[in-house]
Number of protein chains: 2
Amino acid sequence: MGVTERKEREKTEMRELITAAAMKMFLEDGYAKTSIRGIADAIEYSPGTIYLYFKDKDELLYEVQADAYGRLLEVFQKEATSTDPLERLSQIGRAYINFGLNNSELYDLMFIIRSPMNVDEKLHKVNGANCLNFLIECLTDCISKDLLRINDVQQATLQIWSTVHGLVSLHLRCRLKIMVESEEDVPQVLIKTMEDYLAAVTK
Amino acid sequence: MGVTERKEREKTEMRELITAAAMKMFLEDGYAKTSIRGIADAIEYSPGTIYLYFKDKDELLYEVQADAYGRLLEVFQKEATSTDPLERLSQIGRAYINFGLNNSELYDLMFIIRSPMNVDEKLHKVNGANCLNFLIECLTDCISKDLLRINDVQQATLQIWSTVHGLVSLHLRCRLKIMVESEEDVPQVLIKTMEDYLAAVTK
DNA sequence: CAAATATAATGAACAATGTTCAGTATGCAA
DNA sequence: TTGCATACTGAACATTGTTCATTATATTTG
């Protein structure tokens, strides 16, 4: 009886249909401005249907978050390929910053949005952990080769993540306007700040 | 005819009444969860009245933001008093982090919340600028005495602000749960990370 | 002081939101 | 063909920010 399997398949297809539409709209308009009704319209179903596949709007968020972390990981793997761990660290930093600037609404729901973290604890530890590990491995490499003025991997991870996240999120929330005059200079300024930081903590 | 003056005074008193209630509720429940109706109830006026004194909810936000920056500045002035610029820098960092952790909802509306920046450009450049200048002066001091491995004041400001903001905001949005196991360790971890950073960039 | 005018406050109404649920339609099994 | 389970609908609910005709209050004028 392959009917239950088909039903199962249809169910996941429907979830993917919804997720895809949600991802598209989240990217364009952001999480907050995207309404369930809007998503329902886009896939030509009624609002109520979405609640047959997702508990609430947050669960939809988690699904898209997982996707987003996957994308970031892909960017890391594509952009940060140097065998020199210090150069690779710089590549990771640049990739992260550019990802944030070029996918601001995605970055928002990945790292800025408030999300009930009961679910998050599990979900973040899948794709999100992969992104983090990419950085951790690089830093482990740097530290084992005694290239940095920081000896603890966790501390180093926290430092660089905070730095790049701080830069990106302050900019996305327009809080850097006091410091950086011209808007179009932002990408370069952020990247320069990150690289100056790396230079300062490099032995 | 002192009547127009009294009217003026009553008008500002009413604004302050609203702002105070808003501040209280923003602190307790956050900006998003505080409704205009709730504020109106608290001061025993009708919802419509608030719109006679504030264009919209955002304008109320700006008013409270200004207050909040003032508070942060006070904390800086009280906590960061060392004559040694390096020690003072550390004091600023600790004060900033503790302020964020102890006033999470306030920190949120100061540095994380999305706010239309047409108004912000002006408003941020008053109290917000004073806070920033406190840091800038300290860093100018450090750099002029050749204590840091960073030579540019703007770069140094951006680095340390990003670092501490990154730490605080990642934690407030529960994104550090992947890295820091125990919740109660967070304050110490954040401060240690900040001080390790300072140590690394110190000559 | 009384009437006319200006100002202040109200609260019902609007549109949009996330979410629910009784009802309807569809497809599968007997 | 009949009965049942599953899928879907869309109206309804509560809540949100915001507006505006109406009412109440206060001030100025005659």
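Values below: every heavy atom of this structure, side chains too, minus hydrogens, waters and symmetry copies. Chain naming here is simple, since letters A, B, ... match the order of the sequence lines and numbering starts at 1 in each.
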A.B. asks: For nucleotides 20-27 of chain C, read 5' to 3', which letter fits each nucleotide if B means a protein heavy atom sits under 4.0 Å from the base, S means only the sugar-phosphate is that close, and - means neither?
C.D. replies: B-------
A.B. asks: If you assign B/Glu10 and B/Asp56 each to the DNA chain D nucleotide with the nearest heavy atom, which residue ends up on the more 5' nucleotide?
C.D. replies: B/Asp56
A.B. asks: OH of A/Tyr45 versus P of D/dC8: gap in Å, rounded?
C.D. replies: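 Distance check: A/Tyr45 OH to D/dC8 P gives 5 Å.
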A.B. asks: State plainly whether the residues B/Asp196 and A/Arg149 are in salt-bridge range, i.e. N to O under 4.0 Å.
C.D. replies: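 Result for this pair is no, no salt bridge flagged.
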A.B. asks: Nearest whole angstrom, please: distance from the P of C/dA16 to the NZ of A/Lys57.
C.D. replies: 15 Å
A.B. asks: Please determine whether a side-chain nitrogen of the Lys or Arg among A/Arg15 and A/Glu63 lies less than 4.0 Å from a carboxylate oxygen of the Asp or Glu.
C.D. replies: yes
A.B. asks: Expressed as a whole number of angstroms, how long is the span from A/Ile36:CD1 to D/dT9:P?
C.D. replies: 14 Å
A.B. asks: Is the shortest side-chain N to carboxylate O distance from B/Asp108 to B/Arg173 below 4.0 Å?
C.D. replies: yes
A.B. asks: Rounded to whole Å, how long is the line connecting atom CD1 of B/Ile39 with atom C1' of D/dT16?
C.D. replies: 13 Å
A.B. asks: Rounded to the nearest Å, what distance is computed from the CG atom of residue A/Asp29 to the P atom of nucleotide C/dA16?
C.D. replies: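 Checked: the CG to P distance equals 15 Å.
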A.B. asks: For A/Tyr53, answer base if it contacts any base atom (sugar-phosphate contacts may also be present), sugar-phosphate if it contacts only those atoms, and nothing otherwise; contact means non-hydrogen atoms under 4.0 Å.
C.D. replies: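 Sugar-phosphate: the residue A/Tyr53, judged by heavy atoms under 4.0 Å, touches backbone atoms but no base.
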A.B. asks: Whole-Å distance between D/dC8 P and A/Glu44 CD?
C.D. replies: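 The answer, rounded to whole Å, is 14 Å.
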A.B. asks: Strictly below 4.0 Å: does A/Ser46 bring a side-chain N or O up to OP1 or OP2 of D/dG10?
C.D. replies: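 Indeed not, no polar side-chain atom of A/Ser46 lies that close.
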A.B. asks: Which residue lies toward the 5' end of DNA chain C, B/Arg37 or A/Lys33, if each is placed at its nearest nucleotide?
C.D. replies: B/Arg37
A.B. asks: Quick one: sort the A/Tyr96 and A/Phe111 rings into parallel, tilted or perpendicular, breaks at 30° and 60°.
C.D. replies: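 Plane angle between 30° and 60°, so tilted.
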A.B. asks: Give the nucleotide from the list D/dC8, D/dG17, C/dT17 with an atom nearest to the side chain of A/Ser35.
C.D. replies: C/dT17
A.B. asks: Over how many whole Å does the gap from A/Phe54 atom CZ to C/dT19 atom P extend?
C.D. replies: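 Going from CZ in A/Phe54 over to P in C/dT19 covers 13 Å.
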A.B. asks: Do the side chains of A/Glu195 and A/Arg94 get close enough for a salt bridge, i.e. N-O under 4.0 angstrom?
C.D. replies: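 Counted as a salt bridge, because a side-chain N and a carboxylate O are separated by less than 4.0 Å.
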A.B. asks: CD of B/Glu44: more than 12 outside heavy atoms within 6.0 angstrom?
C.D. replies: no
A.B. asks: State plainly whether the residues A/Arg114 and B/Glu105 are in salt-bridge range, i.e. N to O under 4.0 Å.
C.D. replies: yes
A.B. asks: Nearest whole Å is fine: how far is D/dT18 C1' from B/Ile50 CD1?
C.D. replies: 12 Å
